[in-house]
Amino acid sequence: MKMSKKFLKFGVSIFLIFTLFSQVCTPFIYADEVGKQIVQFEEEKKELDRIDNLLNKPIKLPKEQIDKLVNEYQSLYPNLTKERIYEIVYQSLSPYRSKAGFWDGKGITVDEFAIAFATIVQTLIGGYATLGAYAAKHGQKLAREMMSRAAKAAAKRFGILTGMFAGILETAFKVLNFYGNVGLALAKFIDARDYYPNNGRINMWK
């Protein structure tokens, strides 16, 4: 009986110690979590500010880097001429909408938009070799926001940024991943939901 009372007292003591410990430590744990969230928020804001600054002015890339991109695109999009690919790449690097009749009045093609988007993304991910590496560093949430801004920038520069386009983007990056040809996947996703679905062009007007 005495032994049982000792165990009971021991158990009550342990319970009281853990209760006191949790009451003391919980505020510190909460404060630590809040601190981490603040740091993460500040890092995300800093990265988004960097992205916006890049998108608001002409982006200058070395000629050899542009040549490398064009050669890669040429193998991915054999239906486009090399001259046409250069034209798309250079227009993608400018924040200004093209005033010329850039296409043939029928809307930008899926391949052309894929190149424009990919070019802008390449300038935004900086020193990261791939989009997946960028997502691994900054997190998927920030990577999706970066891609959304890149897509809107591409649409603006090629004259197809409309309310409909922005609406399609709201669901696009919830579905698409960071691997493979994201630009082409995105362009096809948009083409399947525009005014003339699956015609190989992105039509934002009837």
Decide yes or no for N203 and M164: does some side-chain heavy atom of the first lie under 4.5 Å from some side-chain heavy atom of the second? no
Look only at the side chain of R201 and the backbone of I108, and say whether a donor-acceptor pair between them is shorter than 3.5 Å. no
Could you check whether E145 pairs with R149 (Lys NZ or Arg NE/NH1/NH2 to Asp/Glu carboxylate O, under 4.0 Å)? yes
Establish, for the pair R193 and F189, whether the NZ or CZ atom is under 6.0 angstrom from the six-membered ring centre and no further than 45 degrees off its axis. yes
Measure the CZ-CG distance between R84 and N79 for me, rounded to the nearest 0.5 Å. 13.0 Å
Step through it carefully: locate the ring centre of F165, locate the ring centre of F113, and say whether they are under 6.0 Å apart. yes
Indicate the ring-plane relationship of Y134 and H138, choosing parallel, tilted or perpendicular according to the 30° and 60° boundaries. tilted
Does a salt bridge link K45 with E42, judged by any charged N lying under 4.0 Å from a carboxylate O? no
Heavy-atom distance under 4.5 Å between the side chains of F117 and M147, does that happen here? yes
Assess whether a salt bridge exists between E47 and R50, defined as any Lys/Arg side-chain N lying under 4.0 Å from an Asp/Glu carboxylate O. yes
Point-to-point distance, once rounded to the nearest 0.5 Å, from CD1 of I59 to CG of L61: 7.0 Å
Does L93 reach the side chain of K60, with side-chain heavy atoms less than 4.5 Å apart? no
Is there a donor-acceptor contact under 3.5 Å linking the side chains of D111 and Y73? no
